[in-house]
Amino acid sequence: MRNANEVPIWEKSNLTLEEAAAYSGIGITKLRAMSNDENCQFVLWNGAKRLIKRRELDKYTDKAYSI
């Protein structure tokens, strides 16, 4: 059962690596490697915490042929 304050993944703006992996089907290790690139457009750093911008990740995967 979902907590009343819990937001579904598809409604969140920013996702943890674990959530982004579940959402996209891309492995955590691959997402971590991709988001380590300083030119990555879909990563948001909150101090040392890495968040994945869901809509930007969608745009990236829509254009990508392979990763």
Side-chain angles (χ1 to χ4, degrees):
M1 179 177 268
R2 196 174 82 193
N3 182 340
N5 294 328
E6 191 176 327
V7 178
I9 288 176
W10 58 89
E11 291 183 9
K12 290 184 173 185
S13 296
N14 302 302
L15 308 171
T16 65
L17 281 176
E18 293 79 11
E19 290 171 334
Y23 174 79
S24 68
I26 302 170
I28 293 172
T29 303
K30 183 66 173 183
L31 283 169
R32 185 177 287 115
M34 292 166 60
S35 60
N36 277 339
D37 183 338
E38 65 183 40
N39 296 319
C40 181
Q41 298 295 309
F42 57 82
V43 67
L44 172 66
W45 290 97
N46 181 11
K49 185 175 182 178
R50 177 191 333 238
L51 296 172
I52 304 299
K53 300 175 191 176
R54 183 182 51 81
R55 289 181 296 271
E56 294 300 319
L57 178 62
D58 285 341
K59 288 178 191 175
Y60 178 85
T61 57
D62 284 347
K63 294 177 185 176
Y65 173 74
S66 68
I67 54 172

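Quick caveat, the model's predicted, so the values are computed rather than measured. The first residue of the sequence shown is numbered 1, and numbering continues consecutively from there.
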Q: Output yes when a side-chain donor or acceptor of E11 lies under 3.5 Å from a complementary backbone atom of P8, and no otherwise.
A: no
Q: Indicate if L57 and V43 have the same hydrophobic cluster label, given that clusters are the connected sets of ILVMFWY residues with side-chain heavy-atom separations under 4.5 angstrom.
A: no
Q: Quick check for you: to the nearest 0.5 Å, what is the distance between L44 atom CG and L15 atom CG?
A: 11.0 Å
Q: For a 4.5 angstrom cut-off between non-hydrogen side-chain atoms, does F42 reach K59?
A: no
Q: Report yes if the side chains of I26 and T61 come closer than 4.5 Å at any heavy-atom pair, otherwise no.
A: yes
Q: Quick one: are R54 and S13 in side-chain contact, heavy atoms under 4.5 Å?
A: no
Q: Roughly how far, to the nearest 0.5 Å, is NZ of K30 from CD1 of I67?
A: 6.0 Å
Q: Would you say Y23 and K12 make side-chain contact, with heavy atoms under 4.5 Å?
A: no
Q: Between OG of S35 and NZ of K53, what distance do you get to the nearest 0.5 Å?
A: 11.5 Å
Q: Does E38 reach the main-chain N or O of N36 with its side chain, forming a donor-acceptor pair under 3.5 Å?
A: no
Q: Spell out, as yes or no, whether a donor-acceptor pair under 3.5 Å connects the side chain of R50 to the backbone of R32.
A: yes
Q: Nearest 0.5 angstrom please: I52 CD1 to E18 CD, how far?
A: 10.0 Å
Q: How many angstroms lie between CD1 in I28 and OG1 in T16, if you round to the nearest 0.5 Å?
A: 8.0 Å
